[in-house]
Protein chains: 2
Amino acid sequence: MYNQLLSLPKINQMVKAGIKKKDKTTEEAILQVARKAFTQKGLSGARMQDIANEAGINKALVHYYFESKEKLFGLIFDQEFEKFFSSLASLISADIPLFEKIAQIVSLDIERLSQFPDMPLFVINEVSRNPEIMVKRLKQLQQKTVMEGFQKQINSEIKKGNIKSISAEQLLINIQSLSVFPFIAKPMLKKVLQKTEKDYQEMIQVRKKELAMFIINAIKN
Amino acid sequence: MYNQLLSLPKINQMVKAGIKKKDKTTEEAILQVARKAFTQKGLSGARMQDIANEAGINKALVHYYFESKEKLFGLIFDQEFEKFFSSLASLISADIPLFEKIAQIVSLDIERLSQFPDMPLFVINEVSRNPEIMVKRLKQLQQKTVMEGFQKQINSEIKKGNIKSISAEQLLINIQSLSVFPFIAKPMLKKVLQKTEKDYQEMIQVRKKELAMFIINAIKN
DNA sequence: ATTATTTTTAACCATTTGGTTAAAAATAAT
DNA sequence: ATTATTTTTAACCAAATGGTTAAAAATAAT
């Protein structure tokens, strides 16, 4: 890494991209095991040495590719944060009937959470530990417009007498609570409810079917 | 601490308790700052030196009173875990009408969570990191009987046609999700919804009023 | 007052941790 | 083939970390 400006693997590979097929294996192997380490153990719990070992490489190589633990963590966090909110904003803004929208949000949430079960606790944790981490990531996500649009849709349904009075915020928090919490609290709930992994996943599948109706019933007149 | 069997401060003070008024200040000061450190930073993020500093004492004194980081952590975890589940089990088993029970659970939850906002994320985190930690704590909590009783009450309401079909488990998960999640995700939700601390607390108060009705509406016929 | 006991501290210690360096190995460019 | 460049490693390093020890200070017992 003696040419700091031009030779950083990432920049280099970006430049090279398209010209020759990139050998991403090392860099991607690191990212893969780093994601696992950070999402499972958090920033302070993860160890650079463990990441190197599990990637089957020297620790210095991790620094060669990603400079510091914080930088590597930042990349992982960005990606997981993206997973948390991606497609949610556009769904909330979508021009579809409210009840259908609720069903789609729940469905999307549970699919996404089944695919990335460690993601929500990781994101919530690191934001709790360091709220500033969100600031730069939230810029493009123009939530104001999104929420205002959603509130309008809800107000319209209230006025029509289709649903009870509720704020867009509270409804959204309710939907996310009901979707996300069972994944965040999974290890605890598993023990408390004395469920096997299979049992728990079946329970989640039942939720996927019932949750939308539960929410719709809660607000409909 | 040269008399390992008899002189450990805790044992000693227990023996002395009642005879002369105990000077618990040091031990309690440690517990107080340790709770803050562990609940905010987790087991791996908390530092014994920080705990000593914030308690205004030498680090060796922390070990004198609590032996090791793990032991100290264990004490804190037990207490926070207790907060999480205490009074919930008895409320679930209480012989009161279902809708009233739901309202009381929600009310209890939100009061408890307002008082100990760091507790749920802490417990969930540490259980996620090390699920075995729950095993010993869960023995006395004979959940089976509790859940069976609750299911009977629900089945009875279903049979009477008062509520829609739902399992005790799913209903309980729903209640806890809706109560706990806004506290766990507070820093994130605060940023996303662009709320000040005051705004957020007001939002929680609104929830406290509306949540029980939301749940009851969701299940009632 | 003297002794025994408990509490507190300063100074250490071994290990872990994130990070660096210089050189070697592998690959690409000429 | 030779040189330049990139990738990888072994060996370090300084700081941090959980923990220990021996002695001092404070308190209690006699």
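Note that these values count all heavy atoms, side chains included, but never hydrogens, waters or copies made by symmetry. Note on naming: letters A, B, ... go to the chains in the order of the sequence lines (proteins, then strands), and numbering restarts at 1 for each one.
Taken residue by residue, residues 32-40 of chain B places no heavy atom nearer than 4.0 Å to DNA chain C. Contacts between residues 43-50 of chain A and DNA chain C, defined by a heavy-atom separation below 4.0 Å, involve A/A46, A/R47, A/M48, listed by number.
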In dot-bracket form, how is DNA chain C paired, counting a Watson-Crick or G-U wobble pair only if both its distances are under 3.5 Å and using | for bases paired to another strand? ||||||||||||||||||||||||||||||

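Distance from the side chain of B/K69 is smallest for D/dG18 among the nucleotides C/dT8, D/dG18, D/dT8. Closest to the A/I57 side chain, of the nucleotides C/dT7, D/dT9, C/dT20, is D/dT9. For B/A60, whose side chain is taken as the heavy atoms from C-beta onward, the closest listed nucleotide among D/dT21, D/dG19, C/dT7 is D/dT21. Closest to the A/S68 side chain, of the nucleotides D/dG19, C/dG19, D/dT7, is C/dG19.
Atom NZ of A/K186 and atom NZ of A/K195 lie 12.5 Å apart (nearest 0.5 Å). If you take OG on A/S128 and CD on B/Q40, they are separated by 10.0 Å, rounding to the nearest 0.5 Å. To the nearest 0.5 Å, the span separating CG on A/L178 from CZ on A/F214 amounts to 6.0 Å. One distance of note links NZ of A/K41 with NZ of A/K36; it measures 8.5 Å at 0.5 Å rounding.
A/F66 has its CZ atom 18 Å from the C1' atom of C/dT20, to the nearest Å. One can place NZ of A/K71 at 15 Å from C1' of C/dT20, the figure rounded to the nearest angstrom. Atom P of nucleotide D/dG18 and atom CZ of B/F73 are separated by 13 Å, given to the nearest angstrom. A straight line from NZ of A/K59 to P of C/dT21 spans 14 Å, rounded to a whole angstrom. Atoms CG (B/L61) and C1' (D/dA25) sit 13 Å apart, rounded to a whole Å. Here D/dA11 presents its P atom at 19 Å from NE2 of A/H63, a figure rounded to the nearest Å. Between the CG atom of A/L72 and the P atom of C/dG19 there is a distance of 10 Å, given to the nearest Å. Rounded to whole Å, atom C1' of D/dT27 lies 11 Å from atom OH of B/Y64.
Ion pair B/K191/A/E132 flagged as a salt bridge, since at least one NZ, NE, NH1 or NH2 atom sits closer than 4.0 Å to an Asp/Glu carboxylate oxygen. A salt bridge links A/K198 with A/E202; the closest basic N to acidic carboxylate O contact falls under 4.0 Å. A salt bridge is defined here as a Lys NZ or Arg NE, NH1 or NH2 lying under 4.0 Å from an Asp or Glu carboxylate O, and B/K83 with B/E80 meets this definition.
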Would B/I215 and B/L171 count as a side chain to side chain contact (heavy atoms under 4.5 Å, CB included) if you check the C-alpha gap in whole Å, the side-chain angles of each, and the deciding distance to 0.1 Å? CA-CA 9 Å; B/I215 296 164; B/L171 179 57; 4.0 Å; yes

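Under the ring-ring contact (aromatic ring centres under 6.0 Å, His included) criterion, A/F181 pairs with no residue at all, not counting sequence neighbours. Annotation: side chain to side chain donor-acceptor pair (under 3.5 Å) contacts of A/S90 (sequence neighbours excluded): none. In this structure, the ring-ring contact (aromatic ring centres under 6.0 Å, His included) partners of B/F73, at least two apart in sequence or on a different chain, are B/F38, B/F122.
Toward the 5' end of DNA chain C, the nearer of the two residues B/N58 and A/E70, judged by each one's closest nucleotide, is B/N58.
At the phosphate of D/dT7, neither OP1 nor OP2 sits under 4.0 Å from any side-chain N or O atom of A/T26.
The shortest distance between side-chain heavy atoms of A/F150 and A/S93 does not fall below 4.5 Å.
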